[in-house]
Structures are given as C-alpha cells and as structure tokens.
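By convention in this document, chain letters (A, B, ...) are assigned in the order of the sequence lines, proteins followed by strands, and residues within each chain are numbered from 1. Predicted model, so just to flag it, every value in this text is computed and none were measured.
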There are 2 protein chains.
Amino acid sequence: MTKRDAKLRPTDAELEILNVLWQRGASTVRDVHQEISRVKPTAGYTTVLKTMQIMAEKNLVRRDESQRAHVYEARLAREQTQRQLIGDLLDRAFDGSATKLVMQALSAKKASAEELSTIRDMLDEFERGGGKS
Amino acid sequence: MTKRDAKLRPTDAELEILNVLWQRGASTVRDVHQEISRVKPTAGYTTVLKTMQIMAEKNLVRRDESQRAHVYEARLAREQTQRQLIGDLLDRAFDGSATKLVMQALSAKKASAEELSTIRDMLDEFERGGGKS
DNA sequence: TAATGTCAACGAAAACTTTCGTACTTCGGG
DNA sequence: CCCGAAGTACGAAAGTTTTCGTTGACATTA
C-alpha cells in the first residue's frame with residue numbers, strides 16, 4: 001500500500017476520465033476516449049485504456065467484464081471525490097480553514113449574483129441544520 | 001516550457017515548503033528543514049535543499065545569495081497561490097462552478113457558527129462590490 | 001475458414017517528482 | 001595553516017504518472 005493509495009487522490013488524467021464517467025454514467029473505454037477526444041484530439045486510445053485499467057486496480061472505478069467491451073463506472077460519487085479533493089487541498093494549502101478556502105474560491109472565480117444567492121441559501125441551511133441534512 | 005511550468009502548480013513537497021516560507025517569511029534552507037522536521041522527522045536536509053533549488057528554477061521562490069546561507073522567499077503571496085490552486089481544482093473537478101466547490105467545502109469540513117458568520121459577511125461584501133474590489 | 005476490425009493486456013519508454021549520497025566552498029577556531 | 005562545521009551544488013537513483021507500440025483474443029462477414 002503506497003502513499004498514493006492511502007490518499008486515493010486521483011491524478012489529473014484520472015480525474016479527466018472520472019469526469020466523463022460521472023457525466024455519462026457507466027461507459028466503455030471507447031466511449032470515454034471519444035468524449036475526451038472532443039476536447040483533446042491528441043488523446044490516444046491506449047493511453048486512456050491503460051489509465052482506466054490502472055484506475056480499476058486502484059479501485060477508483062468498477063469494471064464489468066461480462067461484455068467484450070468492458071464497462072467502467074466510477075466507484076465514488078462525484079460529490080464524494082470532490083469532498084476528498086477539497087479536504088486534501090484544505091490540509092495542504094489552507095491550514096484546514098474552510099473559511100479561507102471559500103473566500104479564495106469566491107475571489108478566484110467572480111461569482112455571479114445568482115451564485116451568491118445560492119450560496120447564501122446554503123449557509124442558511126447549514127446554520128439551521130448544523131451540517132448537510 | 002513544459003506543461004507544469006504553465007500551470008505553476010506547486011507539487012506536494014513544494015507546497016509544504018511554501019507553507020513554511022509563508023509562515024516564517026524569508027528563510028534559509030536550514031530554517032525550513034528544521035520547521036518541517038518537527039512534523040516529519042524523517043525529512044532529509046538535502047532533500048529540502050534540492051526541492052528549494054528546483055523551486056528557484058521554477059520561479060516559485062526568490063533566492064538571495066548575498067549571504068553564505070542563501071535566503072529564500074516565496075515569490076507569490078499565499079493568497080495568490082491559493083487562488084491558483086482553487087482555480088485548477090475548479091476546472092479539473094467542479095466544472096468551473098465555484099458554487100459547487102463552496103458547497104462541498106462546507107460539508108467536507110463542518111464549519112463552525114463563527115465561520116459561517118464570517119462567510120456571510122464576506123458574501124455581503126461581494127454582493128455590494130460585485131467582486132473583489 | 002480466412003480477412004478484417006475492435007478490444008483488452010502488457011511492457012517499455014518518457015516525463016516528472018522526490019530522495020539522498022557525495023563533492024566542493026566558505027567560515028571560524030586552534 | 002589546517003581542521004571541522006555548515007552550506008550549496010550536482011547528479012544519480014527511486015518512485016510515480018503518462019504515453020504508446022505491440023500482441024493476442026474475439027467477433028463479424030464474406
């Protein structure tokens with residue numbers, strides 16, 4: 001068990017694939033490769049395949065081998081992985097302060113009025129429920 | 001100029017060093033090594049040194065060589081790097097949606113009432129100013 | 001059954017990060 | 001002047017991630 005396994009933090013290439021799986025649901029390598037090719041036409045098929053095989057080894061994805069074209073599915077929900085990534089970032093660069101992170105997030109990407117309103121609603125819920133209900 | 005240079009995204013080891021530099025201000029390698037050793041006693045001196053030299057090459061830090069013990073200083077403010085990291089994460093895992101990121105941040109680390117209040121104040125400012133003034 | 005196309009498996013190479021041994025330089029004390 | 005301590009420089013090794021060429025299995029069709 002290596003350090004990376006413990007963190008379960010997907011690499012860049014892995015995250016790119018996970019994004020497709022989350023968006024499309026269970027998919028074959030070909031599906032994923034085609035999707036990625038739209039944005040990044042240089043992406044090689046075997047590169048995507050290999051990465052997905054490694055992801056299966058790491059348990060980042062589940063693989064259904066009953067069909068000739070194996071079908072892959074993200075093992076964790078997108079939200080779960082997002083929380084994982086944020087937790088890491090929080091520890092590595094924000095001293096664990098979610099407040100600071102939120103602050104920088106809002107200034108990194110100028111949020112629209114609508115977004116701000118959504119966030120405000122969310123805060124209300126958190127204050128009431130004291131957490132994700 | 002490689003892909004990494006373009007992103008200017010510090011690696012884990014680099015971020016660990018940057019954290020010390022941000023906390024202590026300009027420091028020698030020995031300073032940084034001692035500080036890191038507190039948390040991670042296995043850290044080798046030359047490892048830290050080498051990483052800092054690479055960081056100087058990458059322009060992540062500035063180096064004052066006028067003294068025998070070179071003095072290193074983070075080139076970017078902590079906040080700037082934090083925004084950079086968040087921007088990356090936003091693109092890689094959140095579809096660019098700061099709202100989703102904020103949502104997950106708050107549920108990843110259960111924010112205290114005080115923190116929530118701080119964030120609320122921040123939102124007010126953003127709404128008034130329409131962004132970082 | 002032979003030809004062709006699609007796919008997973010495998011291994012190696014390339015790129016990048018991290019670690020560390022070793023050499024060289026400089027400074028201060030004896 | 002010589003020695004040891006404290007530094008930096010350098011390069012190589014180890015580990016990880018990413019890419020890709022090649023092979024073999026399987027399926028479809030003529």
Side-chain angles (χ1 to χ4, degrees), chain A residues 1-20 26-37 39-73 85 88 92, chain B residues 1-20 26-37 39-73 85 88 92:
Chain A
M1 198 171 299
T2 70
K3 186 169 45 175
R4 283 281 176 257
D5 288 340
K7 297 198 173 193
L8 271 182
R9 186 173 51 177
T11 65
D12 283 3
E14 288 167 352
L15 202 44
E16 202 171 7
I17 288 166
L18 284 175
N19 278 324
V20 175
S27 306
T28 65
V29 173
R30 182 143 307 280
D31 291 334
V32 172
H33 174 246
Q34 279 180 354
E35 189 62 31
I36 288 180
S37 292
V39 182
K40 192 199 278 185
T42 59
Y45 175 85
T46 55
T47 299
V48 173
L49 167 64
K50 180 63 165 179
T51 303
M52 290 175 76
Q53 285 170 345
I54 291 173
M55 291 170 78
E57 280 172 24
K58 289 188 189 175
N59 249 338
L60 283 174
V61 296
R62 235 174 327 219
R63 176 167 53 185
D64 174 1
E65 310 181 3
S66 66
Q67 307 299 321
R68 187 156 109 76
H70 298 182
V71 176
Y72 292 77
E73 191 178 7
L85 290 170
D88 270 5
R92 286 188 300 134
Chain B
M1 199 171 301
T2 70
K3 188 168 42 175
R4 285 280 177 255
D5 287 340
K7 296 199 174 193
L8 272 182
R9 186 173 50 176
T11 65
D12 284 2
E14 288 167 352
L15 203 44
E16 202 171 7
I17 288 167
L18 284 175
N19 277 325
V20 175
S27 307
T28 65
V29 174
R30 180 143 309 279
D31 292 335
V32 172
H33 174 246
Q34 278 180 355
E35 188 62 32
I36 288 179
S37 292
V39 181
K40 192 198 280 185
T42 60
Y45 175 85
T46 56
T47 299
V48 173
L49 167 64
K50 181 63 165 180
T51 303
M52 290 174 77
Q53 285 170 345
I54 290 173
M55 290 170 78
E57 280 173 23
K58 288 188 187 175
N59 248 337
L60 283 174
V61 295
R62 234 173 329 218
R63 177 167 52 183
D64 174 1
E65 310 181 5
S66 66
Q67 307 300 320
R68 187 157 109 76
H70 297 183
V71 176
Y72 292 76
E73 189 178 9
L85 290 170
D88 268 6
R92 286 189 302 133

Neighbour count >12 (heavy atoms, 6.0 Å) for atom CD, A:Q67: no
Minimum-distance pair of heavy atoms, taken over all atoms of B:V48 and B:V32: CG1-CG1, 3.9 Å
Whole-Å distance separating the CD atom of B:E57 from the P atom of D:dG11: 11 Å
Phosphate OP1/OP2 of D:dC20: any A:T47 side-chain N/O under 4.0 Å: yes
Euclidean distance, atom CG of residue A:D64 to atom C1' of C:dA8 [Å, nearest integer]: 14 Å
Which pairs, protein N/O on one side and nucleotides 28-30 of chain C N/O on the other, fall under 3.5 Å?
none

Student check: side-chain heavy atoms of B:L49 and B:Q53 closer than 4.5 Å: yes
Distance test, side-chain N/O of B:T11 to OP1/OP2 of C:dC16, below 4.0 Å: no
Contact under 4.0 Å: B:Y45 side-chain N or O vs C:dG21 OP1/OP2: no
Whole-Å gap separating P (D:dT17) and CZ (B:R92): 13 Å
Value rounded to 0.5 Å, distance of CE in A:M52 from CG in A:L18: 9.0 Å
Closest contact, heavy atoms only, B:T51 versus B:E14: CG2-CG, 4.0 Å
Side chain of B:K50 (C-beta onward), nearest among C:dG21, D:dT18, D:dG11: D:dG11
Out of C:dT17, D:dC20, D:dA9, whichever nucleotide has its closest atom nearest the side chain of A:T46: D:dC20
Between C1' of C:dC27 and NE2 of B:H70, the distance in whole Å: 14 Å
A:I54 CD1 - D:dT19 P separation (whole Å): 11 Å
Heavy-atom closest pair, residues A:A43 and A:S37: O-OG, 4.3 Å
Base C:dT6 paired with A:R68 side chain (donor-acceptor, <3.5 Å): yes
Whole-Å distance separating the NE2 atom of B:H33 from the P atom of C:dT18: 16 Å
Under 4.0 angstrom between A:T51 side-chain N/O and D:dT18 OP1 or OP2: no
Spacing between A:Q67 atom CD and D:dA27 atom P, to the nearest angstrom: 11 Å
Length of the line joining A:D12:CG and D:dT16:P, which is rounded to integer Å: 17 Å
ring-ring contact (aromatic ring centres under 6.0 Å, His included) involving B:H33 - partner list, sequence neighbours excluded: B:Y45
Closest nucleotide among C:dT17, D:dT8, D:dT18 to the A:A13 side chain: D:dT18
N/O (side chain, B:Q53) to phosphate O (OP1/OP2, D:dA9) under 4.0 Å: yes
Sugar-phosphate only, base, or nothing, as touched by B:E65 at under 4.0 Å among non-hydrogen atoms: nothing
Closest approach of A:D12 to B:R9 (non-hydrogen atoms, all atoms of both residues): OD2-NH2, 2.7 Å
